[in-house]
Amino acid sequence: MFEVRWHGRGGQGSFTGAKLLGVASAIYDERFAQAFPSFGPERRGAPVLGFNRLSDTAITDRSEIEKCDCIVFLDETLFHEGYLEDLKSNAYILINSKKTFADERIFSFDATGLAIEVIGRPIANTAMLGYLAAKSEGEISLDACIKAIASDMKASLAASNTLLLKRAYDLGRA
């Protein structure tokens with residue numbers, strides 16, 4: 001089972017990223033998947049979480065994910081080194097940041113800058129999804145993510161978000 005936790009702030013699209021990953025895996029990769037949020041009455045800008053479980057067998061656990069294969073941070077200010085303890089062995093963290101990190105389990109790139117360049121808005125969830133697909137070593141297929149975007153977004157948004165996804169995927173593969 002491949003487990004992902006998304007950290008973001010309300011309005012950044014962390015749950016939308018998790019939802020797209022769930023759709024990609026369940027519908028287009030024909031695997032078992034869960035995508036669920038954890039937030040209450042928070043408003044725009046408050047910390048929120050999204051979760052994914054992806055598996056080739058039925059998933060019965062419905063709890064929040066504590067030990068992760070990957071943790072995605074849409075906002076670098078939410079990251080602290082204590083999150084490294086939430087990783088399984090051979091797991092990693094992806095951070096939307098211009099900074100570089102010494103720990104080899106942490107990968108960063110400027111997803112917000114790329115989003116502004118490609119879609120004209122600072123919403124980096126599809127960029128982080130593309131980067132995650134690249135780093136997942138086959139757990140997440142690029143083709144399934146493209147299809148999930150096409151099925152979940154209006155055509156006017158899907159084209160630019162697909163381009164953003166592909167550009168981030170290429171950066172993650174480099």
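Basis for what follows: all heavy atoms, side chains included, without hydrogens, waters or symmetry-related copies. Predicted model, so just to flag it, every value in this text is computed and none were measured.
- With sequence neighbours excluded, the residues that form a salt bridge (charged side-chain N to carboxylate O under 4.0 Å, His left out) with Lys19 are Asp152.
- Among all heavy-atom pairs drawn from Gly22 and Ala33, the shortest one is O-CB, 3.7 Å.
- Here the shortest heavy-atom pairing between Ala148 and Val23 reads CB-CG1, 3.8 Å.
- Summarising the geometry, atom OG1 belonging to Thr112 is positioned 8.0 Å from atom CG belonging to Leu74; distances are rounded to the nearest 0.5 Å.
- The two residues Leu129 and Gly17 have their closest heavy-atom pair at CD1-O, 4.5 Å.
- Checked against the 6.0 Å centroid threshold, Tyr131 and Phe109 count as a close aromatic pair.
- Taking the six-membered ring where the residue is Trp, Tyr92 and Phe2 present tilted rings, their angle falling between 30° and 60°.
- When the salt bridge (charged side-chain N to carboxylate O under 4.0 Å, His left out) test is applied to Lys147, the partners found at least two apart in sequence or on another chain are Asp143.
- A 6.0 Å sphere centred on NZ of Lys67 holds more than 12 heavy atoms belonging to other residues, nucleotides or ligands.
- Asn52 contributes no side-chain N or O that, together with a main-chain N or O of Val4, makes up a donor-acceptor pair within less than 3.5 Å.
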- Where do Phe36 and Arg53 land on the side-chain contact (heavy atoms from CB on, under 4.5 Å) test, with the steps shown first? CA-CA 9 Å; Phe36 56 98; Arg53 284 192 177 93; 3.7 Å; yes

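- Taken from CG in Leu87 to CD in Glu3, the straight-line distance is 12.0 Å, to the nearest 0.5 Å.
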- Glu139 and Asp69: side-chain contact (heavy atoms from CB on, under 4.5 Å), yes or no, with the steps? CA-CA 11 Å; Glu139 285 288 338; Asp69 292 289; over 6 Å; no

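- Of the inter-residue distances, the one linking Phe101 atom CZ with Glu76 atom CD reads 6.0 Å to the nearest 0.5 angstrom.
- Looking at every heavy atom in both residues, Gly13 comes nearest to Asn125 through O-ND2, 3.1 Å.
- The aromatic rings of His7 and Phe73 sit parallel to each other, their planes meeting at less than 30°, with 60° as the upper class boundary.
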- Step-by-step side-chain contact (heavy atoms from CB on, under 4.5 Å) determination, Phe79 to Ser97: CA-CA 10 Å; Phe79 171 75; Ser97 178; over 6 Å; no

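- In this structure, CG on Leu165 lies 5.5 Å from CG on Leu142, to the nearest 0.5 angstrom.
- Heavy atoms of other residues, nucleotides or ligands lying less than 6.0 angstrom from CG of Asp103 number more than 12.
- The number of heavy-atom neighbours closer than 6.0 Å to NZ of Lys166, taken from other residues, nucleotides and ligands shown, is 12 or below.
- Side-chain atoms of Asn96 never come within 3.5 Å of backbone atoms of Met128 as a donor-acceptor pair (strictly under, hydrogens ignored).
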